There are 2 protein chains.
Amino acid sequence: MVNIKDLAKHLNISIGTVSRALNNRPDVNKDTRKKVLQAAADLGYVANQSGRSLRQGTTNAIGFLINTSDANEANSDNFFMGVIDGLQSALAKKHLDLVVLPCSSDEDPEDYLKRMVARRLVDGMIISATHTIDKRITLLVKNKVPFVALGQSDTGSNHPWIDLDFEGVAQVSIDRFVSRGHSRIAIALSHSDLNLGRLFLNSYKASLKRHGIAFDPKLVLKGATNDQGGYEVASQLLEMADRPTAILLVHELMAQGLYRRLAEDDLQAGRDLSIIGFRNSAQARMFSPSLTSFKLSLQDLGVALAEKLLTSMGTIESSEEQIGKIWPMQLVEGESDALIINSNR
Amino acid sequence: MVNIKDLAKHLNISIGTVSRALNNRPDVNKDTRKKVLQAAADLGYVANQSGRSLRQGTTNAIGFLINTSDANEANSDNFFMGVIDGLQSALAKKHLDLVVLPCSSDEDPEDYLKRMVARRLVDGMIISATHTIDKRITLLVKNKVPFVALGQSDTGSNHPWIDLDFEGVAQVSIDRFVSRGHSRIAIALSHSDLNLGRLFLNSYKASLKRHGIAFDPKLVLKGATNDQGGYEVASQLLEMADRPTAILLVHELMAQGLYRRLAEDDLQAGRDLSIIGFRNSAQARMFSPSLTSFKLSLQDLGVALAEKLLTSMGTIESSEEQIGKIWPMQLVEGESDALIINSNR
DNA sequence: CTGGTTACCGTAAACGTTTGTGATAAGATG
DNA sequence: CATCTTATCACAAACGTTTACGGTAACCAG
């Protein structure tokens, strides 16, 4: 591998000049710079990252921290892959590279993060799937590692974050149900303590209250975020005495199982039960009857995360004042919530 | 951040001794080693990776190269996440860390790899979704970067690789179909030039020949590897004059659309058409009627990849002679291939 | 012609490690 | 006691960069 010394020797100039030429420093002659760039291309020279990092104390890389268990369950359907795609292409424009740091399911996420921070192989981080109290945030703040969180948290630090508009989704969904005459409205959550569930539930309650509908704890159903969970949630729902007429699925991976359970009783989404799902995923996009849901651009989200991080690192300037941002979701109208309840039935 | 110099000063010994103590070198007193380790823990010292890399020329990290576009389409369903999980936990045992290097959809994979190689931030690589002719392999061989490929290739270098047993899957499937009386057997492929499709098709042809069944090009259907593609493949199939009675889905993400299209004609998998899918995915696991398919442990595959790479790097020893390995798949019997054709219909 | 500015470039230090070489003292051997 | 081995450590070089500093020549103004 050719290093800067080889390059300098080849050109008969000092390595300092070579470095300045390559890094677009001002005090270097236009001709020599051209020669240097040419020679670098000819010899295939690329700066050694270790040397550069050591000297500059910076790595030109951003880390995206994910738990493979999160990726396998709660956020299935290649949620992360879309975000990664956006992140990578936004960072590349600033000559930064993205490295994904995956915490395997048999390791403690905090220990893992500690090791990654110590390694100093990234200049900043993106963490995902935040918990209501998230120790990783405390750790990053303490170690002064710039980061942005995908997901809100109550850990009590004012770091930059972006979160999906769970509250808006819940509100729009409830409004939509109510406007079609529903009053017994269920919500299906997962068992995890991700912050997402809390936000959904709060907004669900608030929306009901706004419409003068009493909150009934029995209408809060919990299940695994997969087909099986959906089947079980549907079973619970169908066995209830005063059966709900509508349900909001916080994890629409449950939808398939729900449809399946309904079919067993010759019931159909949109005719016998109104369903709104979250988040318009590739698999769920083809339901029949089609699922009313909320979608977002994962790529754009990734780009926004990258920009927020770079802003907080001072790499790019932004007029944005807000440290946090709610990411809007678009309603995708389907047939699964077509059921209209007659008020005088 | 505390560095080795601080640590040495704090202990009143030289940095060389500190380094040797930390790295388990022989020539250091037992007591001083204990003191060093204690002090390192107290002060929270962790070796700076840049300094170490620069000196040793090694990074203690392994890179997993993926194309986000592959991850989003052909290999959906968190295929990669499972493999990553296995990789990470196997590498961690050797004190190596995994970094995932995602090539975004708007960048050329070869340029991306070139940059990553030049960055020298990993000691070895795992590449995935190989093509029949894969320039990345040429590049890695030329740059002497140790690597293992997930997927075979005809690029013509004898590098270590692991590939799923596509040929076995096709053979078992065809045998199964034939033993149940089928002779018009279709196969559904994707449009891409991934090596997987080629292997499947070859084995499909060979298996038919073995059973004395003539190969009919019309029975090779192609579609997108998603619900939509499955729907279209099913439509083609149903319109055929001499309609096949069985079909092998190379990408079972097509299954949902296929079932949907069948239902439109009041047809059912297992009763009117035999279906075998590949690869038992989370989403496809809950079909009704249940889908006969082939499964594998993604985690174990990740572990095997890691071990093969480390063997080729000389990090671990292995009695294994083979440079390549076919990864076996287990048949998961379902109801979708229950149809038995009467030979004298 | 002199003094000062400018443009360009070479020199060397620094980043944090690891490791080869040699030094010192203690112990072993004769 | 003299010499040889051994254990333990200090010293310093090296990895490949970037960058502050100083130096040289050219140029310009007076």
Side-chain angles (χ1 to χ4, degrees), chain A residues 1-37 39-40 43-61 95-97 115 117-123 143-144, chain B residues 1-37 39-40 43-61 95 97 115 117-123 143:
Chain A
M1 276 288 171
V2 45
N3 59 19
I4 201 172
K5 209 187 283 182
D6 301 330
L7 197 54
K9 206 180 297 174
H10 178 258
L11 287 165
N12 266 333
I13 57 180
S14 77
I15 62 173
T17 304
V18 174
S19 176
R20 275 188 294 265
L22 292 171
N23 294 14
N24 274 327
R25 287 303 161 101
D27 48 352
V28 47
N29 185 283
K30 229 171 56 181
D31 287 343
T32 53
R33 162 165 299 141
K34 200 182 297 176
K35 269 187 256 175
V36 169
L37 292 176
L43 301 186
Y45 167 79
V46 191
N48 178 300
Q49 189 57 41
S50 299
R52 170 178 285 175
S53 295
L54 183 58
R55 171 62 218 231
Q56 300 196 123
T58 177
T59 66
N60 292 317
H95 301 286
L96 291 169
D97 276 309
R115 210 169 69 226
V117 167
R119 253 180 165 289
R120 292 183 193 70
L121 50 74
V122 295
D123 296 336
N143 284 72
K144 297 197 184 23
Chain B
M1 278 287 174
V2 43
N3 59 18
I4 202 173
K5 208 187 285 181
D6 300 332
L7 198 54
K9 206 181 296 174
H10 177 259
L11 287 166
N12 265 333
I13 55 178
S14 77
I15 61 172
T17 305
V18 174
S19 176
R20 275 188 292 265
L22 292 171
N23 293 14
N24 275 327
R25 288 304 161 101
D27 51 352
V28 47
N29 185 283
K30 227 171 57 180
D31 288 342
T32 54
R33 165 167 297 143
K34 202 183 294 177
K35 271 189 256 177
V36 169
L37 291 176
L43 301 186
Y45 167 79
V46 191
N48 180 298
Q49 189 58 41
S50 301
R52 168 178 287 175
S53 296
L54 182 56
R55 172 61 219 236
Q56 303 196 123
T58 176
T59 66
N60 291 318
H95 301 285
D97 277 308
R115 214 170 66 229
V117 168
R119 253 181 164 287
R120 292 181 192 72
L121 49 75
V122 294
D123 296 336
N143 285 71

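Everything numeric in this text was worked out from a predicted model, so none of it was measured. Protein chains get the first letters and strands the later ones, always in sequence-line order, with residue 1 at the start of each. Note: hydrogens, waters and symmetry copies are ignored here, and every other heavy atom, side chains too, is used.
- B:Asn60 is listed as a side-chain neighbour of B:Arg52, based on a closest heavy-atom distance under 4.5 Å.
- Nucleotide C:dT11 holds its P atom 13 Å from the NZ atom of A:Lys5, rounded to whole Å.
- Where B:Thr17 and B:Ser50 meet DNA chain C, the nucleotide closest to each residue was compared, and B:Ser50 sits on the side nearer the 5' end.
- Partner B:Ser14 forms a side-chain contact (heavy atoms from CB on, under 4.5 Å) with one of B:Asn12, B:Val18, B:Leu11, B:Thr17 and no other, that one being B:Thr17.
- The CG atom of B:Asn29 sits 15 Å away from the C1' atom of C:dT24 (whole-angstrom rounding).
- At the heavy-atom level, A:Val46 lies under 4.0 Å from the strands shown only through sugar-phosphate atoms.
- For the pair A:Leu7/A:Leu43, a side-chain contact is recorded, criterion being any heavy-atom separation below 4.5 Å from C-beta on.
- B:Thr59 places a side-chain N or O within donor-acceptor distance of the main-chain N or O of B:Leu121, the cut-off being under 3.5 Å.
- Counting any heavy atom pair closer than 4.0 Å across all strands shown, B:Arg25 reaches sugar-phosphate atoms only and no base atom.
- Going from atom CG of B:Asn48 over to atom P of C:dA14 covers 18 Å, rounded to whole Å.
- Residue B:Asn23 places at least one side-chain N or O closer than 4.0 Å to OP1 or OP2 of C:dT18.
- Partners of A:Asp97 by side-chain contact (heavy atoms from CB on, under 4.5 Å), not counting sequence neighbours, listed by chain and number: A:Gln88, B:Tyr112, B:Arg115, B:Met116, B:Arg119.
- Nearer to the 5' terminus of DNA chain D, by closest-nucleotide assignment, is the contact made by B:Leu54 (compared with the other of A:Asp27 and B:Leu54).
- For the OP1/OP2 pair of C:dC9 and a distance below 4.0 Å, the side-chain nitrogens and oxygens of A:Ser14 include no atom meeting the criterion.
- A:Ser53 comes within 4.0 angstrom of nothing in the nucleic acid, heavy atoms only.
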| Stepwise side-chain contact (heavy atoms from CB on, under 4.5 Å) check, A:Met1 with A:Val46 | CA-CA 9 Å; A:Met1 276 288 171; A:Val46 191; over 6 Å; no

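- Looking at A:Ile13 and A:Val36, their side chains come closer than 4.5 Å, going by heavy atoms from C-beta outward.
- The NZ-P distance, from A:Lys34 to C:dC8, rounds to 14 Å in whole Å.
- With DNA chain D read from its 5' end, the first of the two nearest nucleotides for B:Arg55 and B:Pro26 is the one closest to B:Pro26.
- At a threshold of 4.0 angstrom between heavy atoms, the contacts of B:Ser19 include nucleobase atoms, whether or not backbone atoms are also involved.
- Protein atom CG of B:Leu22 is 13 Å distant from nucleotide atom P of C:dT19, rounded to whole Å.
- Of all nucleotides in DNA chain D, those with any atom nearer than 4.0 Å to a heavy atom of chain B start and finish, going 5' to 3', at D:dT8 to D:dG16.
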| task | Evaluate the side-chain contact (heavy atoms from CB on, under 4.5 Å) criterion for residues A:Tyr45 and A:Leu22: first the C-alpha distance (whole Å), next the side-chain angles of each, then the deciding distance (0.1 Å), finally the verdict. | result | CA-CA 10 Å; A:Tyr45 167 79; A:Leu22 292 171; 3.4 Å; yes

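- Judged by distance alone, with hydrogens and angles left aside, the side-chain atoms of A:Arg33 form a donor-acceptor pair with the main-chain N or O of A:Arg25 at under 3.5 Å.
- Between the two ends of the helix from C:dG4-D:dC27 to C:dG30-D:dC1, each summarised by a five-pair axis, the helix axis turns through 60° (rounded to 10 degrees).
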